[in-house]
There are 2 protein chains.
Amino acid sequence: MPLIPLEEIQLLHNYICQSVNDPKRIQILYALGEQPMHVTALADLLDMPQPTVSRHLALLRQRLLVTSERSGSVVVYSLTDPRILDVLDDMRRILREVLERQAGVLDSPSQS
Amino acid sequence: MPLIPLEEIQLLHNYICQSVNDPKRIQILYALGEQPMHVTALADLLDMPQPTVSRHLALLRQRLLVTSERSGSVVVYSLTDPRILDVLDDMRRILREVLERQAGVLDSPSQS
DNA sequence: TTCGTTTATTCGCACATCCGAATATGCTTA
DNA sequence: TAAGCATATTCGGATGTGCGAATAAACGAA
């Protein structure tokens with residue numbers, strides 16, 4: 001199998017990897033997975049300043065991970081594709097297993 | 001469903017998200033998915049300077065995404081858990097679909 | 001139109017990360 | 001042990017990114 005073209009890797013990096021490269025943005029994605037929300041509600045729920053949330057949402061929207069829609073007096077954000085959370089869950093699962101495996105190795109002293 | 005604990009999100013970010021937040025590291029992961037390789041082979045294959053590859057590998061190892069083992073005169077790196085590539089593939093698939101959906105919306109002018 | 005709420009942006013600064021070049025370290029093998 | 005190749009690290013500088021505070025802009029409601 002040939003290597004993935006560098007161009008596609010750049011796309012992947014620019015859009016998704018970079019998007020999830022901030023703990024607060026990951027929190028925002030999970031929160032929006034529960035239900036679409038407007039900026040202030042997100043800021044309250046996650047205990048972040050509103051400008052911070054707004055900046056992260058702008059980035060996530062630019063990267064196409066979330067979409068926004070005005071509803072009355074507020075702007076409601078939602079996930080463009082909820083499967084992004086499945087991907088994050090897969091990552092968590094892999095990490096957990098790797099950490100456990102590693103812990104197991106450390107626990108049992110090498111039988112020399 | 002309650003929010004993921006911030007502590008676990010920090011872990012996820014520190015280990016995996018941060019690891020894949022560089023196009024060159026993504027290339028390295030895919031290359032190691034084809035077959036375990038030593039540093040110089042990777043540098044040649046991906047056309048990167050050896051110190052660059054070495055630095056990225058050190059980071060990936062610290063984050064537990066790759067493991068290293070000396071074999072004769074070279075150090076062979078391999079993926080700790082190949083499923084990380086499935087995750088990256090899922091990301092690529094999602095991105096491709098989102099981009100196509102978006103293109104479709106742009107193509108068809110709103111029928112007013 | 002005007003007020004008030006909601007959201008977005010700007011600015012300056014701090015911090016992290018990446019790279020190239022050079023060099024140091026480590027290990028194998030003769 | 002010594003030579004030589006493979007790998008790791010250091011350094012400086014450039015770049016990118018996040019934040020807080022303040023403010024601007026946008027929009028709905030009266």
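Just so it is clear: chains get the letters A, B, ... in the order the sequence lines come, proteins before strands, and each one is counted from 1.
Remark: side-chain polar atoms of B/Thr80 are paired, donor with acceptor, to backbone N or O of B/Leu65 under 3.5 angstrom. In this structure a side-chain-to-backbone donor-acceptor pair under 3.5 Å is missing from A/Ser54 to A/Gln50. Without hydrogens or angle criteria, A/Ser19 side chain to A/Tyr15 main chain gives a donor-acceptor distance under 3.5 Å. Judged purely by atom type and a 3.5 angstrom limit, B/Arg63 uses its side chain to pair as donor or acceptor with the backbone of B/Asn14.
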Would you check, one step at a time, whether the test side-chain contact (heavy atoms from CB on, under 4.5 Å) holds for A/Leu45 with B/Leu3? CA-CA 10 Å; A/Leu45 175 65; B/Leu3 292 178; 4.0 Å; yes

Run the side-chain contact (heavy atoms from CB on, under 4.5 Å) test on A/Leu32 and A/Ser78 for me, step by step, so that the C-alpha distance in whole Å, both residues' side-chain angles and the decisive distance to 0.1 Å come before the verdict. CA-CA 6 Å; A/Leu32 293 181; A/Ser78 50; 5.9 Å; no

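From one end of the helix from C/dT1-D/dA30 to C/dA30-D/dT1 to the other, with five pairs defining each end axis, the axis direction shifts by 30° (rounded to 10°).
The outermost nucleotides of DNA chain C lying under 4.0 Å from heavy atoms of chain B, listed 5' to 3', are C/dT17 to C/dT28.
For A/Pro51, the side-chain contact (heavy atoms from CB on, under 4.5 Å) test picks out A/Pro49, with sequence neighbours left out. With sequence neighbours excluded, no residue forms a side-chain contact (heavy atoms from CB on, under 4.5 Å) with A/Ser73.
In terms of heavy atoms, A/Ala31 sits closest to A/Leu42 at CB-CD2, 3.7 Å. Nearest heavy-atom pair across A/Cys17 and B/Ile26 is SG-CD1, 3.8 Å. Of all the heavy atoms in B/Val76 and B/Ser71, the pair that sits closest is CG2-CB, 4.0 Å.
Linking Ile, Leu, Val, Met, Phe, Trp and Tyr whenever their side-chain heavy atoms come within less than 4.5 Å leaves B/Val74 and B/Val39 in two separate clusters. A/Val75 and A/Leu57 fall within a single hydrophobic cluster, where Ile, Leu, Val, Met, Phe, Trp and Tyr are joined by side-chain heavy atoms under 4.5 Å apart, directly or via other members.
Shown for residues 36-49 of chain A: residues whose heavy atoms fall under 4.0 angstrom of DNA chain D, namely A/Pro49. DNA chain D is contacted by B/Arg61 of residues 58-65 of chain B, taking any non-hydrogen atom closer than 4.0 Å. At a non-hydrogen distance threshold of 4.0 Å, A/Gln18, A/Asp22, A/Lys24, A/Arg25 from residues 15-29 of chain A come into contact with DNA chain D.
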Name every donor-acceptor pair, under 3.5 Å, that has one atom in a side chain of residues 93-100 of chain B and the other anywhere in the protein, sequence neighbours excluded.
unit_1	atom_1	unit_2	atom_2	d
B/Arg93	NH1	B/Asp90	OD1	2.9
B/Glu97	OE1	A/Arg83	NH2	2.7

For nucleotides 21-30 of chain D, just jot down a letter per nucleotide in 5' to 3' order: B, S or -, based on protein non-hydrogen atoms under 4.0 Å. -B----SS--

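Among residues at least two apart or in separate chains, there is no salt bridge (charged side-chain N to carboxylate O under 4.0 Å, His left out) pair with a member in residues 36-61 of chain A. Residues in residues 6-29 of chain B take part in these salt bridge (charged side-chain N to carboxylate O under 4.0 Å, His left out) pairs, two or more places apart or across chains: A/Arg92-B/Glu8.
B/Ser54 comes within contact range of at least one nucleobase, with a heavy-atom separation under 4.0 Å.
Rounding to the nearest 0.5 angstrom, the gap separating the NE2 atom in B/His38 from the CZ atom in B/Arg70 is 11.0 Å.
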